[in-house]
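Chain identifiers are assigned alphabetically (A, B, ...) following the order of the sequence lines, protein sequences preceding nucleic acid strands; residue numbering begins at 1 within each chain.
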Amino acid sequence: MLPRTFDPAAVEARILRMWEEGGWFGASAGDVEAGGDPYVIVIPPPNVTAVLHMGHGLNNTIQDVLVRWRRMQGRVALWIPGTDHAGIATQNVVERRLAAEGRTRHDLGREAFVERVWEHVELTGDRILGQLKAIGCSCDWTRARFTLDEGLSRAVREIFVRLHERDLVYRGEYIINWCPRCLTALSNEEAEGSEADGSLWHIRYPLVAGHEEAAAAAREAGAAAVDRLPDGRWHLTVSTTRPETMLGDTGVAVNPGDPRYGALVGAAAHLPLAGRAIPIVADPHVRADFGTGMVKVTPAHDPSDFEIARRAGLEVLNVMTERAVMNDNAPAAFRGLDRFDARRAVVAALEQEELLAGRDVHRHAVPRCYRCDTVVEPRLSEQWFVRMKPLAEPALASSRDGAVAFAPRRWTRVYEQWMENIRDWCISRQLWWGHRIPVWTCGDCGREMACREDPSACGECGSVALEQDPDVLDTWFSSWLWPFSVFGWPEETDDLEAFYPGHTLATAPEILFFWVARMIMAGHHAMGAAPFARVYLHGTVRDIQGRKMSKSLGNGVDPLEVVELHGADALRWTVLAGAGVGADIRLDHEDLESAFAPGRNFVNKLWNAGRFALMSLGDDPIVPLRDVKGDLRLEDRWILSRQQHAVRRVDEELEAFRMQGVAEVLRDFFRGEFADWYLESVKHRLRPGGPGREAARSVLAHVLDRICRLLHPMIPFVTEELWGLLPGIEGRSGPLIVARWPAVDPGLEDPGAEDAFEWLRELIARVRGMRKEYGVGEGREIPLHLTGGENGGLLEGRGEMLRRLARIGSVATAPPPPGTACAGGVLRDGTELFVPLEGIIDLERERARAVREIDRLAGLSRGMEARLANRNFVTRAPAAIVEREREKLASCKLQLTKWNEKLTFLEGVGR
RNA sequence: GGGCGCUUAGCUCAGCCGGUCCAGAGCGCCUGCCUUACAAGCAGGAGGUCGCUGGUUCGAAUCCAGCAGCGCCCACCA
């Protein structure tokens, strides 16, 4: 006997083992060579930083649904699992651990530190894969990869060297985004925009003596920013949001076409606090119409200033250390100050010297490190870059010509705009954890070489004094190769041949630029084709306050916790049913019990319906459906026909990634139609010796089989368990996971049966409503009279069903004797119901109800009459709609008449 | 400064290429039921001016414009 309540823990582990041992998850190149049609998904490899949360739960459930669906359709479905070494993020985590021990990575040294990180990632890596398995992910576990695996590292080297050979990778000194806490360069994408209320300070720079005439001329020409202070000296006013950078100013710039300042170009200003003289130059980048039209130039600490300096030949003076502390290039008073302290000190000093012309509040962008949220400091340094423009072209084309399509569609433009405005990618990181840059420099001749294999001697001079670049590569520099590196690239493997390009990528929009876009570029460059055809960017899992789930906020939910509480199926169903296309999903992390109740309830219902069916089907052989066609009753034909709708809809919804839609269709079909109505209508037939038992058993087995198949991608465990126990499955040759996906069987579609059964449903619902309204307990059977309509005949022989579902004792097709007090109603087809309720009926309430009903119907028909009286409506609206309106009006009027009669009658009773 | 998304029942969300969904689901709530599949259930029910304003139309939750609130992305304007 199966337990009454579904116990996930008891079956999930067993089923999981069965799937894995059966090898049902895997696929090989041979399957494709043998003519199979591949379907490939590569997992967005989770960071090994920490274990997974619900966001991953959603992401991977979606992928699993797609893979299971395709697998059942007969495709050679392959889902590659794996993890990402997540350079900066993982290094940070391990460094934090060390800090707790009072140590830094430098105390350990590079080798020991990296060793330590490996220990960490091996632990979390395994736990992550364990989490994925626990929620039922049908990945090919034998193919699990890690971005720092030997093979993948070879791919990284290969692509680096190749790009280097083609001059698509270069090294240069530029202003990059620098995290003064992580002490590394960041890419543009890793510097996240944030906004802050800051100040815009206006600072006076005294003019170097000898340019008074030019200053006067500028003043004459309308330069408000040039003026003469009481001390007799001329000053320029410049503005900045970061006063501390003025210590590194090496010039002041104006627009060459600005008539106000023409005379001043070539002059010089005194840099306050530093005591240096800096030249005034002209540069087209300066906008005459912004601020004073005069800009201080800090080449070492601002990207555009760097460009100006380069064009104007200004000096570059770095005044900060890598930790963003003022260095020895800054005046003594500021040395050793953190940049923010320095800012305050500079402002105070300027105030002291009366050189502060003013301050405005100013809201401006403050980029922050995407890993530690520290304010990024633009910093001049030598880094490696990838030239992106040439790589972007084919990637852009592939979205424009539809080879890669995004869902929801709106992401297409976001993607394309990023591609159009692509900037070079800074790929070197001053970290220890990651792929070390494969470039060596000869200590003797200085030659620099990018190598696929570690070189033993200099190719130029033969020296063995080679030193490898100490930096590592951006973590995304390995993940952008993922779709083909997992198949053994750069070797020409059978797997690549069979499984590249893949098909669907499901991921979060946050990494559209970081990863998705770059994978498409790498795919084109290395393989000549985009790695997938469709990109589904699903929503983010948030907590009830709308915050993204994260470790630092402590609002993350460990999928394993949910699995333990309600089971993997419940987890999956809950997130899928809550996931509109691309819409975020909110879950209460503090109340998992109710947050996942929808899934738990539904799965349990399925379990119980299955249990009941198994009991009812018993051990006797089941007659195949085709052999009982002649014996099918109305409810049989109805449910079989409804099943075809469900199959059709599920395919449509899955095709469009509408997981919520799939869930809705299946909930309506399984719960709303199969469990609530079909099972209830056939219960009496299923009893031993029940009427039409064989046909009912056939239909029951058939429909439940299809329900299991349709639900399997979403709810794999319970369906597998039930299906395995289900008798009468034709052609069963393995577990459900590889059973054939249902197809629509047009021969089972039966609109007539659907209409007829709908009528019965309406009738029963109406009677139930009346019972409730008049407080007639279910212990008491009531007689039913009905007249009119054409469906009365359907009640023939349905006594048992009516008794069960609505506690109707007898049915007469004639009205009750005149003068009988009745509850009543009219069905949509005009059938009138009467339930004589002598002694029970509340006349007052029934009268009130009649009045209400008359009001409602009168209002309705007035509206319809008005519409039909409208010439525009009658002439312009489609004929079918007008016709329908006429019919509705007629039936409305008819009902109105009846209710009026009834009211008259009721008023006669007992008055 | 640009661009995008969202605003529908107490909560989380469907519906939105205009007219059968006189506005739907799940969770919660109310009422009645331990009806031998299921109380993680069954039956019935309450609850919504579909953000605001205006427009287009015979007809708008559904299309357009403006406004408000929320969220996200992009941006070197000092």
Task: Euclidean distance, atom CZ of residue A:R542 to atom C1' of B:G5 [Å, nearest integer] - done: 11 Å
Open item on the list: Categorize A:R671 for me: base, sugar-phosphate, or nothing, with a 4.0 angstrom heavy-atom threshold over every strand shown.
Closed with: sugar-phosphate
Task: Residue matched to B:C16 through Watson-Crick or wobble contacts both under 3.5 angstrom - done: none
Open item on the list: Base, sugar-phosphate or nothing for A:R586? Non-hydrogen atoms, less than 4.0 Å.
Closed with: sugar-phosphate
Open item on the list: If the cut-off is 4.0 Å, is A:K683 near the phosphate of B:A37, judged by side-chain N/O to OP1 or OP2?
Closed with: yes
Open item on the list: I'd like the C1' distance from B:G1 over to B:U8, given in whole Å.
Closed with: 33 Å
TODO: Give the rounded distance in Å between these two atoms: CD of A:E195 and C1' of B:A75.
DONE: 11 Å
- [ ] Could you tell me whether A:H285 contacts a base, only the sugar-phosphate backbone, or nothing, with contacts defined as non-hydrogen atoms closer than 4.0 Å?
- [x] base
- [ ] Measure the distance from CZ on A:F669 to P on B:A25 and round it to the nearest whole Å.
- [x] 19 Å
TODO: Could you tell me whether the side chains of A:D424 and A:Y174 share a donor-acceptor contact shorter than 3.5 Å?
DONE: no
Task: Minimum heavy-atom distance between A:F674 and A:L704, given as atom pair plus value - done: CE2-CD1, 4.0 Å
Task: Spacing between A:L58 atom CG and B:U12 atom P, to the nearest angstrom - done: 18 Å
TODO: Give one of base, sugar-phosphate or nothing for A:A675, where a contact means two heavy atoms less than 4.0 Å apart.
DONE: base
- [ ] Tell me what A:A365 touches on the nucleic acid: a base, only sugar-phosphate, or nothing, going by heavy atoms under 4.0 Å.
- [x] base
Open item on the list: Tell me the interatomic distance from A:E416, atom CD, to B:C74, atom P, rounded to whole angstroms.
Closed with: 17 Å
Task: Touch class at under 4.0 angstrom, heavy-atom based, for A:T241 against every strand present - done: sugar-phosphate
- [ ] Scan A:D584 against the nucleic acid and name what it touches under 4.0 Å (heavy atoms): base, sugar-phosphate only, or nothing.
- [x] sugar-phosphate
- [ ] Check the distance between B:C27's P and A:N601's CG and give it to me in whole angstrom.
- [x] 5 Å
Open item on the list: Under 4.0 Å from OP1 or OP2 of B:A75: is there any side-chain N or O of A:R423 that close?
Closed with: yes
Task: Integer-rounded Å distance: B:G19 P and A:L868 CG - done: 18 Å
